[in-house]
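Shown next, in C-alpha cells, is the structure this report addresses.
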Amino acid sequence: MGPDTLHNDETNHLWVGGVRVADLAEEYGTPLYVMDESTMRRRVQEFVRLLAETELPTRLVYAGKAFLCQAMAGWLKPFGVGLDVVSGGELYTALAADYDPAAIVFHGNVKPGAEIRYALEAGVGQIVVDSLAELQSIEREAAALGVRARILLRLTPGIDAHTHAFIRTGQFDSKFGFGLADGIGDAAVKSALDLPHLDLIGFHAHIGSQILEAEPFFANLEALLEYALKWYRQVGYWPRVLDIGGGFGVRYGEDDDPPDLGPTFRRIAAAVREMTPAEARLPELAIEPGRSIVGEAGVTLYRVGALKRVPGGKRYLAVDGGMGDNIRPALYQAFYPARLDGKATNERTDEFTVAGRYCESGDILVPSIRLPEPGVGDLLVTLVTGAYNYSMASNYNRIPRPAVVLVADGEASVWVERESWADLVRHDRPYAAVPTPNDV
Ligand SMILES: Cc1ncc(COP(=O)(O)O)c(C=O)c1O
C-alpha cells in the first residue's frame with residue numbers, strides 16, 4: 001500500500017517525498033498525480049541488484065507503458081537500463097529525451113509500417129515481433145533501409161497467471177504473440193531464420209500483469225528454454241536473449257503480498273545455466289517491469305466535491321477527478337486504497353463509495369472504503385497510482401488531464417503540466433458551413 005511513499009505527521013497531515021500533500025494541492029491544484037522519486041529509485045536499484053545476483057548476462061528494461069513522459073525517460077537514462085515502448089508515440093517521447101535508441105525495445109501487437117520504419121531509422125535495439133504479417137513488414141522496411149533488424153519473437157507459452165483476465169497475456173488464446181500450441185510459433189521461427197534482413201536474437205514471453213506468485217515467472221522461463229532447446233536440437237539455433245517480460249505484482253491492498261523475487265531469480269538463473277547446451281553461449285536474461293517500478297511511487301490528490309447519502313443508506317464521497325485520470329477501477333475492478341488528509345485513520349467511522357465526476361455511473365474510484373468523517377473541500381489521496389493511471393488517462397467529458405509532479409527530498413518539480421481548456425480544442429477545427437438539404 002505504498003507505505004514508504006505516504007507518511008502522516010502528528011496532526012494526521014499526509015506527506016510524500018518530504019512535501020505536505022496540502023501544499024502540493026495548493027500550489028498545483030487537483031486532481032494531481034504525484035510521483036515519489038525515492039520509491040522509484042529504490043525499485044530500479046532492487047531490480048538491478050536482483051539481476052546482478054544471478055551472475056548471468058542480464059538486462060533490466062523498464063516498461064514505459066506503465067508511466068512515461070519526457071522527464072521520466074530523462075530520469076531513467078543515468079541508470080543505463082533498457083526502455084520498452086509500444087508505439088511510435090512512446091518511442092518519440094523516449095527519443096525526445098535523448099534516450100539511447102540501442103537501449104530501446106519496441107513492442108506492440110500491431111505496429112504500423114510507418115512506426116516500424118521510424119524505429120529502424122532511429123536504430124532501436126530490438127523489435128519484439130507479434131505476428132507473421134509483422135515479420136514480413138519488418139523484413140520489407142529493413143530491406144528498404146538496407147539494415148538487418150534485431151528481433152525477438154513474442155511467444156505465448158500457455159501459462160495462465162492468476163490475475164485479471166484483461167491483464168493476462170500468457171495463455172494460448174491471448175491476442176498477443178505466437179502460440180506454441182498450434183505450430184504458429186514454429187512457422188514464425190522458420191520465417192525469422194530465413195528472411196535475410198531479420199536477425200532473430202531471441203524469444204520473449206510476458207504472461208500478464210500484477211502477478212502475485214513466483215511460480216508463473218519460473219514456468220515462463222522454463223517454457224522459453226524448452227522451446228529454445230527444441231530449435232537447438234533441430235537446426236542448431238540458440239537464442240542470444242531470453243526476455244521473460246514484466247508483471248511483478250505490487251501491494252494495492254492489505255491482501256496483496258508480492259513474492260520475494262530473490263529466490264525466483266536464483267532459480268531462473270540456475271535453470272538458464274543448466275539448460276543452456278554446453279557448446280552454446282549463455283543467453284542474456286531480460287525482464288521488463290513497469291508497475292513494480294512506478295506503481296507504489298505514485299499517489300493522486302483529489303478535492304472532495306460532494307457528499308451524499310442515498311436511499312438505502314449508501315454514502316457517496318465524490319471527488320474532482322475519476323475515470324479520466326484513473327480508468328482501472330472501471331476497466332477491471334482494480335482496488336485503490338485511499339486516505340483523507342488531516343483526519344485520524346483510527347476514526348474511520350463510516351463506509352463510503354468514492355465516486356468520480358465523470359458522466360458514467362461506473363465512474364467509481366473505490367466501491368467501498370471506511371473513512372473518517374469527510375467534509376467538502378477535504379483532500380482525498382489515492383495510493384499506488386503511479387502505474388497505468390497517467391498513462392491511461394483520457395479527456396472524457398472534455399476534462400483536462402492533471403499535472404504530474406515529482407517530489408524528491410522535500411522539493412517538487414513539474415514533470416507534466418496540467419492541460420488547459422485551450423489544449424482541449426487545440427486540434428479542433430471551427431465549424432465550417434456544409435451544404436444541408438434543409439435549413440435548420
Ligand atoms: C510485453 C510487456 N512487457 C512488460 C509489461 C509490463 O508489465 P507490468 O507493468 O505489469 O510489469 C507489459 C504490460 O502489459 C507487457 O505487455
Side-chain angles (χ1 to χ4, degrees), residues 35 39-40 43-44 46-47 50-51 59-68 72 76 81-87 90-91 94 103-111 119 124-131 134 151-157 159 161-171 174-178 202-214 216-217 220-221 223-224 241-252 256 258-259 261 264-265 285-298 326-328 331-332 334 384-392:
M35 301 295 289
T39 305
M40 293 197 295
R43 293 291 188 271
V44 172
E46 269 168 27
F47 276 113
L50 286 174
L51 288 178
R59 183 197 288 249
L60 173 62
V61 180
Y62 168 65
K65 60 185 79 70
F67 171 75
L68 190 65
M72 178 65 192
L76 201 60
V81 304
L83 177 59
D84 145 11
V85 300
V86 288
S87 68
E90 285 191 355
L91 176 55
I104 296 178
V105 181
F106 188 23
H107 271 280
N109 68 314
V110 177
K111 303 181 189 72
V124 302
Q126 302 174 3
I127 303 181
V128 182
V129 183
D130 208 276
S131 68
E134 191 185 313
I151 62 160
L152 287 99
L153 296 180
R154 178 163 180 174
L155 306 173
T156 36
I159 291 160
H162 295 144
T163 189
H164 193 282
F166 287 6
I167 49 176
R168 196 187 302 149
T169 57
Q171 76 285 10
S174 167
K175 77 164 186 172
F176 293 103
F178 298 99
F203 299 128
H204 171 284
H206 165 84
I207 49 175
S209 207
Q210 185 54 9
I211 297 169
L212 290 165
E213 310 151 285
F217 297 112
N220 183 27
L221 180 271
L224 286 184
V241 178
L242 287 179
D243 185 334
I244 59 168
F248 310 103
V250 302
R251 283 171 298 162
Y252 286 99
D256 295 333
L261 291 172
T264 310
F265 280 36
L285 174 72
I287 58 166
E288 296 173 339
R291 184 192 310 274
S292 47
I293 287 180
V294 289
E296 291 185 19
N326 184 1
I327 187 67
R328 297 187 68 255
L331 191 60
Y332 29 65
V384 203
T385 59
Y388 305 106
N389 275 227
Y390 168 73
S391 63
M392 294 176 104

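As the structure lists them, so they are numbered: ligands from 1, and atoms in each ligand from 1.
Ligand 1 places these atoms under 4.0 Å from at least one heavy atom of Gly246: 4 (C), 11 (O). Each of the atoms 1 (C) of ligand 1 lies under 4.0 Å from some heavy atom of His204. Near Gly290, the atoms of ligand 1 lying under 4.0 angstrom from a non-hydrogen atom of the residue are 8 (P), 9 (O), 11 (O). When each atom of ligand 1 is checked for a heavy atom of Pro289 under 4.0 Å away, the hits are 11 (O). Interface atoms of ligand 1 facing His107, defined by a heavy-atom separation under 4.0 Å, are 1 (C). When each atom of ligand 1 is checked for a heavy atom of Ala63 under 4.0 Å away, the hits are 4 (C), 5 (C), 6 (C). Those atoms of ligand 1 with a heavy atom of Tyr388 less than 4.0 angstrom away are 6 (C), 7 (O), 8 (P), 9 (O), 13 (C).
The closest donor-acceptor contact from the side chain of Thr156 to the backbone of Phe178 lies under 3.5 Å. A side-chain donor-acceptor contact under 3.5 Å links Asp130 to the backbone of Gly177. One N or O on the side chain of Asn220 and one on the backbone of Ala205 form a donor-acceptor pair closer than 3.5 Å.
Distances between N or O atoms of Ala66 and those of ligand 1 include no value under 3.5 Å. Residue Gly247 has at least one nitrogen or oxygen atom sitting less than 3.5 Å from a nitrogen or oxygen atom of ligand 1, judged on distance alone. Considering backbone and side-chain N/O atoms, Ser209 comes within less than 3.5 Å of an N/O atom of ligand 1.
Neither the backbone nor the side chain of Val86 comes within contact range of ligand 1; no heavy atom lies under 4.0 Å. Neither the backbone nor the side chain of Phe176 comes within 4.0 Å of ligand 1, counting heavy atoms alone. The backbone and the side chain of Glu288 each have at least one atom closer than 4.0 Å to an atom of ligand 1 (non-hydrogen atoms only).
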**OP:** Evaluate the side chain to side chain donor-acceptor pair (under 3.5 Å) criterion for residues Arg43 and Tyr62: first the C-alpha distance (whole Å), next the side-chain angles of each, then the deciding distance (0.1 Å), finally the verdict.
**Re:** CA-CA 11 Å; Arg43 293 291 188 271; Tyr62 168 65; over 6 Å; no
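The closest side-chain donor-acceptor pair between His204 and Gln126, if any, does not fall under 3.5 angstrom.
In terms of heavy-atom proximity, Ala297 sits nearest to Ile293 at CB-O, 4.5 Å. Contact detail for Glu90 and Leu68: the closest heavy-atom pair is O-CD2, 3.8 Å. Taking both residues in full, the closest heavy atoms of Arg328 and Tyr388 are given as CD-O, 3.3 Å, listed atom of the first, atom of the second, then distance.
If you run side chain to side chain donor-acceptor pair (under 3.5 Å) between Tyr252 and each of Glu296, Gln210, Arg291, only Arg291 comes through.
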